[in-house]
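Given the structure is predicted, the values throughout are model-derived calculations rather than measurements. Nothing fancy with the numbering, it's 1 onward along the sequence.
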Amino acid sequence: MAVSNNIIATINFIALICSIPIIITGIWLASKPDNHCIRSLPWPIVFIGVLFLLLALTGFIGAYCNKQGLLAFYLFCNAALIITGIILLILAYIVTHPSGAYSVPGREYDEYRYMGYSEWLRDHITDPENWGSIRACLASSSVCKKMVWASYTAPQFFAAHISSLQQGFKRKGWLRLSSVCDSVCMNTEYGVILQSGCCKPPTVCGYQYVNPITWINPTNPMGDVDCIIWNNDPNELCYNCDSCKAGVLGNLRREWKEANVILIIAVIVLICLYLVAFNAYKNIHKGSKK
């Protein structure tokens, strides 16, 4: 092979390797227990990773076999994928930038406001058509039930970040991964968001603490629409609350912001590969005319 072909083949072999972390990231997001109830969002990352892999494979074969037509097709697809990636990053930033998290005086954990998240997330993830199945999945999991496996007084609960309570469960050997949903939040920030939104009433309601999932005698039942929705039934709790929907969206937002880092790296790598491959292709084309 000519030197230019060797360059294109080499950089596309590198691109093949780079596609693997993208695919793994998508599969990781899809398989995380806290995404068990929402299956659709992580898969676009897998799709992009597969396209990245196929594109790199096309460039590698075109260079190795000296197929100029295949190389031209590779450059065209590479440019299209770069443009698509940039558009996706812009849209992802717009969608995930708003945050419904807010701090509460006297509490270490944040609470979450549903209307604080983007309209697109609210319309496509927690709309009535989808929320029924998500709510049922959350209620059947142990996201909230495991919070009562250790005894804490009200001051201890309010003064501790919820995640630290889960560390206590783990040290005592009470953490069980008996089902795919059970490991949600048992010592991760992601689960803390779900717990804060779904497993207790909003602080503004003024409920009295009994245990992490039992609250009584609200002093301000009209302080929030979720105040009258709260139910001490372990199968009900705040699963129908806007705060629970906000917790789900907050969880997705955090994970997608992490995934966006992978996408940014992928786009930068694609741009670099395109520039090198384009110059090498021009050299091949000039050489074929001589």
Side-chain angles (χ1 to χ4, degrees), residues 18-19 21-52 79-103 109-135 137-138 143 181 184-185 188-198 202 225-226 238-271:
C18 291
S19 68
I22 301 175
I23 297 173
I24 291 175
T25 298
I27 295 174
W28 168 71
L29 284 175
S31 62
K32 280 177 66 65
D34 44 340
N35 278 335
H36 173 66
C37 300
I38 304 176
R39 289 296 189 184
S40 59
L41 280 185
W43 294 112
I45 296 180
V46 177
F47 179 69
I48 291 172
V50 171
L51 286 180
F52 199 127
L81 190 57
I82 290 171
I83 295 172
T84 302
I86 292 173
I87 292 173
L88 285 176
L89 283 172
I90 294 173
L91 291 177
Y93 175 80
I94 294 173
V95 167
T96 61
H97 180 65
S99 172
Y102 64 95
S103 59
Y109 48 80
D110 287 338
E111 294 188 353
Y112 301 87
R113 186 175 293 107
Y114 181 55
M115 296 305 293
Y117 293 97
S118 70
E119 183 177 356
W120 188 93
L121 283 178
R122 299 198 308 269
D123 290 345
H124 289 78
I125 306 302
T126 56
D127 63 295
E129 183 177 347
N130 291 327
W131 185 248
S133 60
I134 296 174
R135 181 224 174 277
C137 179
L138 290 172
V143 172
C181 277
V184 178
C185 80
T188 66
E189 288 189 65
Y190 306 113
V192 172
I193 297 176
L194 287 176
Q195 288 176 330
S196 179
C198 303
V225 65
D226 290 342
C238 223
Y239 294 128
N240 289 317
C241 298
D242 282 350
S243 64
C244 188
K245 296 177 182 179
V248 171
L249 297 183
N251 190 53
L252 286 174
R253 175 184 178 272
R254 185 184 296 272
E255 292 186 347
W256 267 87
K257 287 181 82 68
E258 291 185 359
N260 283 346
V261 175
I262 302 296
L263 292 179
I264 290 171
I265 295 173
V267 170
I268 293 174
V269 171
L270 275 174
I271 292 173

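Counting only heavy atoms from C-beta outward, the side chains of K245 and R122 never approach each other to under 4.5 Å. For the pair W256/L121, no side-chain contact is recorded, criterion being any heavy-atom separation below 4.5 Å from C-beta on. Between N130 and I125, every side-chain heavy-atom pair lies at or beyond the 4.5 Å cut-off. No side-chain heavy atom of Y93 sits less than 4.5 Å from a side-chain heavy atom of N260. In this structure the side chain of W131 reaches within 4.5 angstrom of the side chain of V248, judged on heavy atoms. The shortest side-chain heavy-atom distance between L138 and C244 falls under the 4.5 Å cut-off.
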Exercise for review: List the steps, then state whether side chain to side chain contact (heavy atoms under 4.5 Å, CB included) holds for F52 with I23.
Suggested key: CA-CA 9 Å; F52 199 127; I23 297 173; over 6 Å; no
**Study point:** side chain to side chain donor-acceptor pair (under 3.5 Å) between T126 and Y114, worked out
**Key:** CA-CA 10 Å; T126 56; Y114 181 55; 2.7 Å; yes
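Every side chain to side chain donor-acceptor pair (under 3.5 Å) that N240 has, sequence neighbours left out, goes to R135. Residues satisfying the side chain to side chain contact (heavy atoms under 4.5 Å, CB included) test with V267, not counting sequence neighbours, are I86, L89, I271. Remark: T96 engages no residue in a side chain to side chain donor-acceptor pair (under 3.5 Å) (not counting sequence neighbours). Residues passing the side chain to side chain contact (heavy atoms under 4.5 Å, CB included) test with E129, sequence neighbours excluded: D127. Listed by chain and number, the residues in a side chain to side chain contact (heavy atoms under 4.5 Å, CB included) with L88 are I48, T84 (sequence neighbours excluded). Residues meeting the salt bridge (charged side-chain N to carboxylate O under 4.0 Å, His left out) test with R113, sequence neighbours left out: none.
Listed here is the closest heavy atom pair of S118 and I94: CB-O, 4.4 Å. Shortest non-hydrogen contact noted between R253 and H97 is NH2-O, 3.1 Å. Considering all non-hydrogen atoms of both residues, Y112 and Y117 come closest at CD2-OH, 3.3 Å. Of all non-hydrogen atoms in S103 and D110, the two that sit nearest each other are CA-OD1, 3.7 Å. Closest approach of G197 and S243 over heavy atoms only: O-OG, 2.7 Å.
A distance of 9.5 Å separates CH2 in W120 from CG in L91, rounded to the nearest 0.5 Å.
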